[in-house]
Amino acid sequence: MTDKRATLSLKPKAKPAAGRRDAGAGAAGRKPAQSQTQSQSQAKSQAKSQPAAATGYQLKHHVARPVHAERAVREDAPRLRANHEVKVAPQRDYKPDLKSDSLALALLGAASAVARVQGGMALPQALSIVFGAYDVAPQTRGAIQDIAYRTMRQLGRSETLLGLMTSKAPEPPMLGALLCAALSLLDPPEGTPAPYEAFTVVDQAVTGAAAHPDFAHAKAMVNAVLRRFLRERESLVEEALRTPLARWNYPQWWIDTARAAYPRDWEAVLAAGNAHPPLTLRVNRRRQDTATYLQSLTDAGLAAEQVGPHAVRLAQAINVSQIPGFADGVVSVQDAGAQLAAPLLDLHDGMRVLDACAAPGGKSGHILETANVELTAVDTDALRLGRVGDNLARLGLAAKLLTADAGARDWWDGRQYDRILADVPCTASGIVRRHPDIRWLRRKSDTSQLATLSAKILDNLWQMLLPNGKLLFVTCSLWPQESEAQAAAFAARHDAVRLDAPGQLLPVGGAGQDHDGLFYALFQKKAA
C-alpha cells in the first residue's frame with residue numbers, strides 16, 4: 001500500500017455552500033464528493049472543523065482536566081467509514097531546520113499548538129508541548145504564543161475565508177492551522193495594525209510549509225491561497241462576514257446563548273471576548289499602599305492607573321519579570337473583578353477559612369493579605385496546587401494545601417469554617433478574552449453538566465460552614481444556568497440567607513472599569 005496524500009485545489013470563485021452550518025468553519029463552499037476516497041476526506045475535514053471535544057474537560061481558568069482519558073473526538077462528530085489506507089501519523093513535534101528567530105518557525109510552532117487545540121487540548125498545555133519540542137529562545141516563544149492566541153481569536157473568520165478559497169479542508173490539520181495562522185496576520189481586526197508586512201507573511205508561511213515533511217508538497221498551494229486572499233481580500237472578507245461564525249468568531253451556539261442571556265448587551269459581550277485583556281495587578285497591602293506603588297511605576301517609566309482599592313492596570317502589558325516589586329511579593333497579577341472576592345468574605349483575624357478549588361492561588365493570596373486567618377486551600381490538581389504554594393511563598397505567606405475533591409468529605413477534619421470561598425468549576429465563558437481557546441473547546445451541553453457538578457460541590461461545602469458563617473459562590477461564567485439560576489436554587493435548597501454581592505459582572509466597563517466576566521453570590525448560614 002502507498003501513503004496517499006490529499007491535494008487541494010483552488011476554487012475559481014468564492015461562493016459559500018448552501019445550507020452550511022456555522023459550526024463547520026472549514027467546510028464552507030466545498031464541492032460534492034466525487035468518489036469514496038474524496039467523501040472520506042470530506043468527512044474527516046468536517047470532523048476537524050467542529051469545535052474540539054469539550055465534554056472531556058472541566059475547565060476552570062483555562063486548565064483542561066480529562067474526564068474520560070484519551071477522548072479527543074466529540075461524541076456528536078460524524079462517524080467515519082473505515083479507511084484501510086496506510087497514513088503517516090502527523091509529526092507535530094518535528095523541529096524544522098529554520099532560523100530560530102524566523103517568522104516561519106514561529107508560524108509552524110503556532111500551527112502545531114492550534115492543531116492540538118482543534119484536537120481537544122487547552123492552548124496553554126499545547127504551547128507548553130510546542131516549546132519543549134522546539135527548544136527555542138524566549139523571543140521566539142513569545143512570537144509563537146502571540147500568533148497562536150491571535151489565531152484562536154480569529155479562528156472562525158480565518159476558517160471561513162479558507163473555506164471560500166479551497167475545495168476541501170487542508171490535510172493534515174496542521175496545514176490548515178498554518179494557513180489560519182497566516183491569515184490572522186494578514187487580516188488583523190479592524191482598527192489594529194498588521195504585525196508584519198504582507199509579503200513577509202506569505203514568504204515565511206511558504207518557507208515554513210516547505211520545511212515540514214508532512215506538507216512540504218503543499219507549499220505551492222499555501223502560496224496560491226495567501227496571494228489570492230491579498231488580491232481578493234475585500235470581496236472575500238465581505239462574503240465571509242455574512243456568516244455569524246466569521247463576524248463574531250464564536251460557535252453559533254455560543255452566539256445564540258449570549259443573545260438569549262443578554263438581549264441588550266450580547267454584541268458588546270462578544271466583542272469584549274475578542275479584545276486583548278489588560279494586565280492588572282493587585283498591590284499587597286501588607287507591603288505597600290496603592291498610591292506609593294503607582295508612584296514607583298511612574299518612576300520606572302510605566303504608565304498605569306488605579307481601577308480598584310488595590311488594583312492597578314498597566315497601560316502596556318509587560319513580562320512579569322519586568323514588573324517592579326513582583327519578585328518581592330509587592331504585587332501579584334490578578335484581574336480587577338477577581339479582586340472583589342476577598343473583601344466580600346468579610347475576613348477577621350483568627351478565622352478558619354477554606355478556599356475550595358483554589359488553584360492557581362490568586363484569591364488565596366488576597367485572603368491572606370487581607371487578614372491573619374488560618375487558611376486551607378483545596379484543589380483536585382496537585383500540579384496546579386503547587387502553583388498556589390509558589391505564589392504564597394513569593395508573597396511571604398503560608399496556608400495548608402490539600403490535594404482533594406471539594407465535592408467529597410474524606411479530606412475534611414470535621415471542624416467547620418467561618419468563611420468558605422467556592423470558586424467552582426464552570427465553562428469559563430467569562431474569561432475568553434484571556435483564554436480564546438475555550439470557545440472552541442466547549443459545547444452547549446457542558447453548561448448543564450458543569451452546573452450539576454458545581455451544585456454538588458456547593459451542597460457539600462455548606463455542611464462545612466459554621467452557623468452564622470458566610471459562603472461566597474464565585475464563577476467565571478456568563479451563562480445564567482451556572483450563575484444566577486445556580487445561586488437561586490442553592491438558596492432555596494438550604495434556606496440560606498442571601499447577602500449583598502455584585503451578582504453578574506459582564507466583561508465590559510466604562511471609565512476606570514476593565515474586568516473579566518464573573519459572578520458573585522454571598523450566603524450566610526442561619527444560626528441553629
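None of these values were measured; they are calculated from a predicted model. These numbers come from the heavy atoms of this one structure, side chains and all, not from hydrogens, waters or symmetry mates.
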Show which side-chain atoms of residues 254-264 pair as donor or acceptor with protein atoms under 3.5 Å away, not counting sequence neighbours.
from: Asp256; atom 1: OD1; to: Gln252; atom 2: NE2; distance (Å): 2.9
from: Thr257; atom 1: OG1; to: Trp253; atom 2: O; distance (Å): 2.7
from: Tyr262; atom 1: OH; to: Leu478; atom 2: O; distance (Å): 2.4

_Using side-chain heavy atoms (C-beta onward) and a distance below 4.5 Å, is Val388 in contact with Asn391?_
no
- Message: When you compare the side chain of Pro360 with that of Leu385, does any pair of heavy atoms fall below 4.5 Å?
- Response: no
In short, Leu103 meets Val201 closest at the heavy-atom pair CD2-CA, 4.2 Å
| Is the closest side-chain heavy-atom distance between Val378 and Leu354 below 4.5 Å? | yes
Take Ser429 and Ser477 through the side-chain hydrogen bond (donor to acceptor under 3.5 Å, both in side chains) test and state the conclusion after the steps.
CA-CA 5 Å; Ser429 51; Ser477 175; 3.2 Å; yes
dist Leu453:CG -> Ser448:OG (nearest 0.5 Å) comes out at 11.5 Å
Q: Please examine the side chains of Leu395 and Arg287, heavy atoms only from C-beta on, and report whether any two atoms are closer than 4.5 Å.
A: no
Checking Arg282 side chain against Ala336 main chain: does a donor-acceptor pair fall under 3.5 Å? no
Query raised in the report: Where the side chain of Arg439 meets the backbone of Pro436, is there a donor-acceptor pair that is under 3.5 Å apart?
Result: yes
Original post:
For Gln416 and Leu465, what are the C-alpha separation, side-chain angles and deciding distance, and is it a side chain to side chain contact (heavy atoms under 4.5 Å, CB included)?
Top reply: CA-CA 5 Å; Gln416 292 178 311; Leu465 185 67; 5.9 Å; no
* Between Asp423 (side chain) and Cys357 (backbone), is there a donor-acceptor pair under 3.5 Å? -> no
Query raised in the report: Just by distance, do the side chain of Ser454 and the backbone of Leu450 share a donor-acceptor pair under 3.5 Å?
Result: yes
### Query
Taking it one step at a time, do Gln295 and Asp299 satisfy side-chain hydrogen bond (donor to acceptor under 3.5 Å, both in side chains)?
CA-CA 6 Å; Gln295 184 59 51; Asp299 295 342; 2.9 Å; yes
message = So Leu294 and Thr298, do their side chains get closer than 4.5 Å, heavy atoms only?
response = no
From the list Thr376, Val373, Asp355, side-chain contact (heavy atoms from CB on, under 4.5 Å) partner of Tyr417 resolves to Thr376
For Pro277 and Arg434, the nearest pair of non-hydrogen atoms, with its separation, is CB-NH1, 3.5 Å
Please test Phe490 against Phe523 for ring-ring contact (aromatic ring centres under 6.0 Å, His included), starting from the C-alpha separation and ending with a verdict.
CA-CA 9 Å; Phe490 174 81; Phe523 303 98; 4.9 Å; yes
* To do: Without swapping roles, check the side chain of Asn460 against the backbone of Ala406 for a donor-acceptor pair under 3.5 Å.
  => yes
(Q) Would you say Arg153 and Asn249 are linked by a side-chain donor-acceptor pair, where the criterion is simply a distance under 3.5 Å? (A) no
For this session: Measure from the side-chain N and O atoms of Thr151 to the backbone N and O of Ile147, and report whether any donor-acceptor pair falls under 3.5 Å.
Result: yes
ask   = Counting N and O atoms only, with roles assigned by atom type, does the side chain of Asp135 sit under 3.5 Å from a partner on the main chain of Gly132, one being a donor and the other an acceptor?
value = no
- prompt: Salt bridge or not for Lys456 and Asp405, using N-O below 4.0 Å?
  reply: no
Separation between CG (Leu472) and CD (Gln524), nearest 0.5 Å, reads 13.0 Å
When rounded to the nearest 0.5 Å, the distance separating CG of Asp459 from CD of Gln463 is 7.5 Å
Notebook entry, point to check: Could you walk me through whether Leu270 and Glu267 pass the side chain to side chain contact (heavy atoms under 4.5 Å, CB included) check?
Noted result: CA-CA 5 Å; Leu270 294 180; Glu267 291 180 313; 6.0 Å; no
Side-chain H-bond candidate by donor/acceptor type, Ser332 with Arg394, under 3.5 Å
yes
**Prompt:** Are side-chain heavy atoms of Leu518 and Asp335 found at a separation under 4.5 Å?
**Reply:** yes
Shortest non-hydrogen pair, Ala113 vs Leu127, comes out as CB-CD2, 3.8 Å
dist Gln339:CD -> Thr370:OG1 (nearest 0.5 Å) comes out at 10.0 Å
Q) Does one side chain, of Asp418 or His348, offer a donor that lies under 3.5 Å from an acceptor on the other? A) no
Next on the checklist: I'd like to know if the side chain of Gln306 and the backbone of Gly308 have a donor-acceptor N/O pair within less than 3.5 Å.
Outcome noted: yes
Side chains of Pro324 and Tyr293, heavy atoms from C-beta outward: is any pair under 4.5 Å? yes
Heavy-atom nearest pair, Cys426 first then Cys476, reads SG-SG, 3.4 Å
(message) Using side chain to side chain contact (heavy atoms under 4.5 Å, CB included), reason through Val283 and Val312 one step at a time and then give a plain yes or no.
(response) CA-CA 7 Å; Val283 180; Val312 172; 3.9 Å; yes
* Asked: Got a donor-acceptor contact below 3.5 angstrom from the Gln486 side chain to the Ala451 backbone?
  -> yes
Whether the side chain of Thr192 engages the backbone of Pro188 through a donor-acceptor N/O pair (distance < 3.5 Å, no angle test) should be reported. no
Are Thr280 and Val333 side-chain neighbours, meaning at least one heavy-atom pair lies under 4.5 Å? no
To the nearest 0.5 Å, atom CE of Met464 lies from atom CG of Leu466 at 12.5 Å
Please determine, by modelled atom types, if Arg286 and Asn372 share a side-chain donor-acceptor pair under 3.5 angstrom. yes
Hey, is Arg247 close enough to Glu190 for a salt bridge, meaning N to O under 4.0 Å?
no
All heavy atoms of Lys470 vs all of Asp346, minimum pair found to be NZ-OD2, 3.2 Å
Heavy atoms of Gly337 and His515 approach each other most closely as N-CB, 3.4 Å
- [ ] For side-chain hydrogen bond (donor to acceptor under 3.5 Å, both in side chains), just list the numbers for Arg157 and Asn274, CA-CA rounded to whole Å, side-chain angles, deciding distance to a tenth of an Å, and then say yes or no.
- [x] CA-CA 12 Å; Arg157 179 163 168 160; Asn274 287 328; over 6 Å; no
Partner of Thr427 under side chain to side chain donor-acceptor pair (under 3.5 Å), picked from Gln481, Arg442, Glu482, Lys444, is Glu482
Self-check item: Evaluation steps, side chain to side chain contact (heavy atoms under 4.5 Å, CB included), between Ile323 and Leu279
Solution: CA-CA 11 Å; Ile323 298 175; Leu279 178 55; 4.1 Å; yes
Yes or no on ring-ring contact (aromatic ring centres under 6.0 Å, His included) for Tyr250 and Trp440, after CA distance, side-chain angles and deciding distance?
-> CA-CA 8 Å; Tyr250 293 88; Trp440 310 116; 7.4 Å; no
Thr292/Asp289 under side-chain hydrogen bond (donor to acceptor under 3.5 Å, both in side chains): CA gap, chis, key distance, verdict: CA-CA 6 Å; Thr292 301; Asp289 62 79; 2.8 Å; yes
Notebook entry, point to check: Going by atom types alone, do Gln154 and Ser184 pair a side-chain donor with an acceptor below 3.5 Å?
Noted result: no
Worksheet item: Is the shortest distance from a Lys or Arg side-chain nitrogen in Arg285 or Glu369 to a carboxylate oxygen in the other one below 4.0 Å?
Response: no
